[in-house]
Amino acid sequence: MPWDVIIPIIVGLVCLALGGYVGYRYRRDIAEAKVGRAEDTVRRMVDDAQKRAETIKKEKILEAKEEVYRIKSDSERETRERRSELQRQEKRIQQREEIVDNKLMAVEQRESVISQKLKEADKLETAARGFYKQQEEELIRIAGLTREAAKDEVISSIEKEARRDAAVVLRDIEQKTKDEAEKRARNIIGMAIQRCAADHVAETTVSVVPIPNDDMKGRIIGREGRNIRTFETATGVDLIIDDTPEAVILSGFDPVRREVARIALEKLILDGRIHPARIEELVEKARKEVDTKIREYGEQALFDVGIHGLHHELVKLLGRLHYRTSYGQNVLKHSIEVAHLSGMMAAELGANVTIAKRAGLLHDIGKALDHEYEGTHIQLGADAAKKYRETNQVIHAIMAHHGDVEATTIEAVLVQASDAISAARPGARRETLENYIKRLEKLETIATSYDGVDKTYVFQAGREVRVIVKPEAISDEYTVVLARDIAKRIESELDYPGQIKVNVIRETRATDYAK
């Protein structure tokens with residue numbers, strides 16, 4: 001092989017070997033430098049960890065010392081407080097012991113004084129007995145009576161005096177008891193009335209139904225009156241159509257039927273289709289609606305009074321009382337008021353509040369039936385209560401609330417008193433149409449009872465009486481006397497609000513006929 005080829009190869013190999021060696025030394029130096037740096041880092045971390053551990057150790061030791069100091073301080077403070085409390089208690093005990101010792105000394109002194117006084121009393125008693133015996137012997141000698149006779153005489157005199165004093169005391173006690181009972185009863189009744197308030201409505205036998213125009217009256221009457229006849233037959237209420245503008249009148253004594261008729265007529269007017277079949281349909285719907293309202297009124301009354309367990313038929317009868325009035329007073333409102341009054345007074349007197357409320361609510365239940373059955377509302381109410389299994393106490397209170405039977409329970413007495421309170425208090429009732437008519441008739445009767453009176457008329461709802469006299473029987477001067485006499489008699493015989501004007505009229509007429 002030629003040298004010009006071998007020499008470059010040798011040179012290349014030598015260069016390659018030198019480069020490998022130089023690279024090896026370079027990498028080794030770099031590795032040794034990295035190892036040195038890592039060792040330095042590890043040494044620094046170890047040193048830092050040791051320093052941190054030393055710091056934490058010192059902090060923990062310091063905290064432990066502080067905790068020990070705090071515990072020691074708390075213990076010492078608690079010990080001091082307990083020692084102070086013990087000292088205070090010891091001081092109080094010493095003071096109490098001193099007080100007790102002083103009281104014992106005072107008691108001993110009082111005992112000594114009392115003992116001395118007892119000895120003196122014994123001496124006085126002995127002397128008094130001797131003196132009493134001497135006086136007794138002297139009295140026996142003077143009166144000529146033996147000891148037993150004198151004793152009987154003294155006892156008799158003392159007994160008479162004691163009986164007289166006892167009678168006086170008894171009379172005073174009875175009077176005080178009576179006054180206190182009356183005062184207590186007034187307070188109970190007054191408080192019950194004050195705590196109870198009820199609404200009242202006016203009694204009426206007619207209902208006015210507004211209509212949109214007078215043309216509706218003809219449609220309500222119908223051809224040849226068939227609509228009005230069907231309506232009256234279905235409802236049992238008279239339908240009055242007169243000259244009153246834009247209104248018709250429903251007249252009937254049964255308020256429930258009148259309410260059914262009112263609702264049905266309003267529905268018919270609103271619907272506009274008025275014919276016999278439609279009338280019967282809406283009347284039936286109105287009747288169901290009123291039945292629902294009746295049940296709701298009864299349930300509301302039970303809720304207001306706070307009683308439960310009443311038979312559902314009695315609940316319906318209670319609801320019917322909403323449409324029933326007595327002397328202008330709504331009977332359901334009246335019954336609720338009586339129940340509240342009875343319950344309040346029963347609570348004050350310690351009676352059975354539940355029985356009193358129940359009897360008060362049901363006392364007029366017969367008024368829901370007196371339009372349909374024969375008998376008084378008391379008997380009808382008691383029969384209904386028996387039928388629906390009410391207790392004997394409630395039935396007895398119903399029967400006794402007007403005094404038809406004697407009240408034998410305190411609840412019955414309370415219901416009787418509550419009924420009278422509710423009916424008699426101002427504003428609860430007003431006079432009925434019958435009483436009003438009777439008063440007008442009485443006015444005419446009083447005026448026509450005088451001689452010479454021809455005719456009598458009452459005007460302005462009983463506010464004016466016009467008396468027409470016979471001119472040949474009464475003179476002009478006597479008319480003044482007659483007016484005053486009639487007015488005086490009205491004042492004495494009638495009760496009325498306001499004043500009544502009496503007009504006596506004397507008129508002379510001359511009549512002739514031309515033939």
Side-chain angles (χ1 to χ4, degrees), residues 68-192 194-195 344-353 410 413-414:
V68 170
Y69 178 76
R70 186 182 61 78
I71 294 172
K72 184 177 179 181
S73 299
D74 292 342
S75 176
E76 291 177 353
R77 185 177 65 257
E78 185 177 355
T79 303
R80 288 195 300 271
E81 290 177 354
R82 290 184 178 179
R83 188 180 295 111
S84 300
E85 181 65 23
L86 288 174
Q87 291 176 354
R88 287 194 296 271
Q89 290 181 357
E90 289 178 357
K91 187 175 181 180
R92 286 197 296 270
I93 292 172
Q94 290 177 357
Q95 291 176 351
R96 291 180 181 177
E97 288 178 352
E98 292 176 357
I99 293 172
V100 171
D101 292 340
N102 294 333
K103 289 184 177 179
L104 287 175
M105 292 178 61
V107 169
E108 290 176 355
Q109 292 176 358
R110 289 179 183 177
E111 287 180 350
S112 176
V113 173
I114 291 172
S115 177
Q116 184 66 28
K117 288 185 177 180
L118 285 175
K119 292 180 181 179
E120 295 177 357
D122 290 338
K123 294 180 181 179
L124 292 174
E125 183 179 1
T126 302
R129 286 178 178 175
F131 180 75
Y132 174 75
K133 187 174 181 180
Q134 293 176 1
Q135 291 294 325
E136 182 180 1
E137 292 175 355
E138 184 67 18
L139 286 172
I140 291 174
R141 184 184 64 80
I142 295 173
L145 296 174
T146 63
R147 176 184 177 89
E148 288 74 13
K151 183 178 180 180
D152 293 340
E153 184 71 21
V154 172
I155 291 174
S156 177
S157 175
I158 293 174
E159 183 178 0
K160 290 179 181 178
E161 185 176 356
R163 287 182 177 177
R164 185 175 64 254
D165 294 342
V168 173
V169 173
L170 181 62
R171 186 177 66 249
D172 293 341
I173 292 174
E174 287 179 350
Q175 185 64 36
K176 290 180 180 179
T177 303
K178 183 178 179 181
D179 295 341
E180 184 65 25
E182 291 179 355
K183 182 180 179 181
R184 177 69 172 164
R186 286 195 300 268
N187 289 338
I188 291 174
I189 293 174
M191 182 180 62
Q194 182 183 13
R195 292 170 58 189
M344 292 173 191
M345 291 192 287
E348 290 293 327
L349 298 175
N352 192 318
V353 177
I410 186 171
V413 175
L414 292 178

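Since the model is a prediction, treat every value here as computed from it, not as a measurement.
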Roughly how far, to the nearest 0.5 Å, is CD of Q89 from CZ of R96?
9.5 Å
Give the intermediate values and the outcome of side-chain contact (heavy atoms from CB on, under 4.5 Å) for residues K123 and T126.
CA-CA 5 Å; K123 294 180 181 179; T126 302; 5.8 Å; no
Distance col, row D101:CG vs E98:CD, nearest 0.5 angstrom, shows 7.5 Å
How many angstroms lie between atom CZ of R83 and atom CD of E76, to the nearest 0.5 angstrom?
10.0 Å
With I93 as partner, the option from E97, K91, Q95 fulfilling side-chain contact (heavy atoms from CB on, under 4.5 Å) is E97
Salt bridge check, E85 against R82: does any charged N sit closer than 4.0 Å to a carboxylate O?
no
For atom CZ of R110, decide whether the heavy atoms of other residues, nucleotides or ligands shown that lie under 6.0 angstrom number more than 12.
no
What closest approach, in Å, do A346 and N352 show between heavy atoms, and which atom pair accounts for it?
CB-O, 4.1 Å
One should read off an interatomic distance between R77 CZ and R70 CZ, to the nearest 0.5 angstrom, of 9.5 Å
Rounded to the nearest 0.5 Å, the OG atom of S73 sits from the CD atom of E78 at a distance of 12.5 Å
Using a strict 4.0 Å threshold on nitrogen-to-oxygen distance, state whether D122 and K119 make a salt bridge.
no
When you measure from the side chain of S75 to the backbone of I71, do you find a donor-acceptor pair of N or O atoms at a distance under 3.5 Å?
no
If you measure from CD on E81 to CG on D74, what distance do you get to the nearest 0.5 Å?
9.5 Å
